[in-house]
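Taking it in order: structure first as structure tokens, then the write-up.
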Amino acid sequence: MASETTTETPAEMAVDSVNPSVEEKESNVGKRDREEEETAAENDTVSKKQKVEDEGEEKENVGPVILGPKTFETSLEMFNYFYKILHHWPINVPANKYEYMVLLDLIKKGHPEPDKKIGSGVNAFEIRHHPTFQSRCFFVIRDDKSVEDFSFRKCVDQILPLPENMKMKSDVNNASNGNGGGKRGGGGGGGRGGGRGGGRGRGWGGKSRR
């Protein structure tokens, strides 16, 4: 008795070659899902890294920074504080006790050579006309009566970096080379707490500024 033989027609063979099996479809779907998950994970990692870098850049200009009794939240706030003092307070008058403590801490934390700038000790701070540039500048009056200028802008920038457009302007405080003093000058000689400006209203502003 002859055995029966089943032969696929060309049409059926063509259908089989065009339409993949169910297992192949599920395998392809799973592969795509895994690829999408890996891509999403990579994007998430890149996003987190960028966020950390951005936060790091923001922290360069953000405090808080404590100078004496005063707290500053940003480099711009710190800059504006000293800029207003420089351009609004009287010439050749010792700072009061409050500003004395803020300025002394500014030098200690922001000046590249604080010990050299402080020298024998700071007797007082004054605003004077720079002998070379003829502009207002902060001066240290030391205990040995020697006098020297310093750049508040450089100190601020060292503590909290300033925006690029505020760095190293032509202000005398940037141009000063630290040789603007060296001798006794009028208006100096106040006490460690600001001398005459300490409590009788004869220093900068006559009272502590917050």
Side-chain angles (χ1 to χ4, degrees), residues 61 63-131 133-162 166 169 171-176 178 180-210:
N61 299 325
V65 170
I66 298 175
L67 297 181
K70 187 167 179 62
T71 301
F72 300 93
E73 296 297 334
T74 66
S75 59
L76 185 59
E77 178 187 359
M78 200 184 330
F79 176 89
N80 287 337
Y81 176 83
F82 293 109
Y83 184 88
K84 288 178 181 178
I85 291 177
L86 178 64
H87 291 281
H88 290 87
W89 293 124
I91 297 292
N92 297 333
V93 177
N96 63 33
K97 185 175 181 179
Y98 186 89
E99 267 78 23
Y100 173 94
M101 291 187 289
V102 177
L103 286 165
L104 184 60
D105 225 10
L106 176 69
I107 290 178
K108 287 180 177 180
K109 295 178 179 179
H111 198 277
E113 298 180 301
D115 293 338
K116 182 178 179 181
K117 185 63 64 173
I118 291 172
S120 62
V122 179
N123 184 277
F125 290 98
E126 292 184 6
I127 296 169
R128 298 183 178 184
H129 286 297
H130 196 281
F133 304 101
Q134 296 302 312
S135 298
R136 286 175 171 251
C137 186
F138 284 109
F139 279 81
V140 174
I141 294 86
R142 301 189 184 95
D143 289 337
D144 61 5
K145 306 305 179 183
S146 61
V147 179
E148 191 171 352
D149 63 301
F150 68 97
S151 167
F152 86 88
R153 190 190 301 260
K154 289 180 181 178
C155 292
V156 170
D157 190 44
Q158 179 66 29
I159 297 172
L160 283 179
L162 288 164
M166 295 181 65
K169 298 297 183 183
D171 188 283
V172 63
N173 271 350
N174 300 303
S176 67
K183 63 179 180 179
R184 297 179 62 179
R192 178 167 292 279
R196 293 173 298 167
R200 296 196 297 273
R202 298 176 66 182
W204 296 350
K207 61 180 180 179
S208 297
R209 298 175 65 248
R210 297 298 192 277

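As a basis for the values below, the full set of heavy atoms in this structure was taken, side chains included, without hydrogen atoms, waters or symmetry mates.
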Go through E126 and V147 one step at a time and tell me if the side chain to side chain contact (heavy atoms under 4.5 Å, CB included) criterion holds. CA-CA 10 Å; E126 292 184 6; V147 179; over 6 Å; no
Listed by chain and number, what are the side chain to side chain contact (heavy atoms under 4.5 Å, CB included) partners of E77, not counting sequence neighbours?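 For E77 the side chain to side chain contact (heavy atoms under 4.5 Å, CB included) partners, ignoring immediate neighbours, are F72, E73, T74.
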Please identify each residue that fulfils side chain to side chain contact (heavy atoms under 4.5 Å, CB included) with H88, with sequence neighbours left out. K84
Can you measure from [atom1] ([X]) to [atom2] ([Y]) and round to the nearest 0.5 angstrom?
X: M78; Y: T71; atom1: CE; atom2: OG1; value: 10.5 Å
X: F79; Y: I159; atom1: CZ; atom2: CD1; value: 13.5 Å
X: H87; Y: W89; atom1: NE2; atom2: CH2; value: 14.0 Å
X: H129; Y: C137; atom1: NE2; atom2: SG; value: 11.5 Å
X: L104; Y: K117; atom1: CG; atom2: NZ; value: 13.0 Å

Contacts of type salt bridge (charged side-chain N to carboxylate O under 4.0 Å, His left out), residue K109, not counting sequence neighbours: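 Partners of K109 by the salt bridge (charged side-chain N to carboxylate O under 4.0 Å, His left out) criterion, ordered by chain and then number, come out as D105.
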Compare all side-chain heavy atoms of [X] with those of [Y] and state whether any distance is below 4.5 angstrom.
X: L160; Y: L76; answer: no
X: K108; Y: I118; answer: yes
X: L106; Y: F150; answer: yes
X: L103; Y: F82; answer: yes
X: R142; Y: E148; answer: yes
X: I141; Y: F125; answer: no
X: V102; Y: P69; answer: yes

Might you work through the side chain to side chain contact (heavy atoms under 4.5 Å, CB included) test for D149 and F133, ending with a clear yes or no? CA-CA 12 Å; D149 63 301; F133 304 101; over 6 Å; no
Please give me the minimum heavy-atom distance between L162 and S75, naming the atom from each residue.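 Residues L162 and S75, closest heavy atoms: CD2-O, 3.7 Å.
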Nearest heavy-atom neighbours spanning D144 and S146: OD1-OG, 2.6 Å
Donor-acceptor pair, side chain of R153 and main chain of M166, under 3.5 angstrom: yes
Spell out, as yes or no, whether a donor-acceptor pair under 3.5 Å connects the side chain of Y100 to the backbone of P94.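 Side chain of Y100 to backbone of P94: no pair is present.
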Trace of the side chain to side chain contact (heavy atoms under 4.5 Å, CB included) decision for Y81 with E99: CA-CA 10 Å; Y81 176 83; E99 267 78 23; 3.2 Å; yes
Around atom CD1 of I66, are there more than 12 heavy atoms from other residues, nucleotides or ligands closer than 6.0 Å?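 No, the 6.0 Å shell around CD1 holds no more than 12 heavy atoms from other groups.
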Under 30°, 30 to 60°, or over 60°: which ring-plane class applies to H130 and F139, parallel, tilted or perpendicular?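 Tilted.
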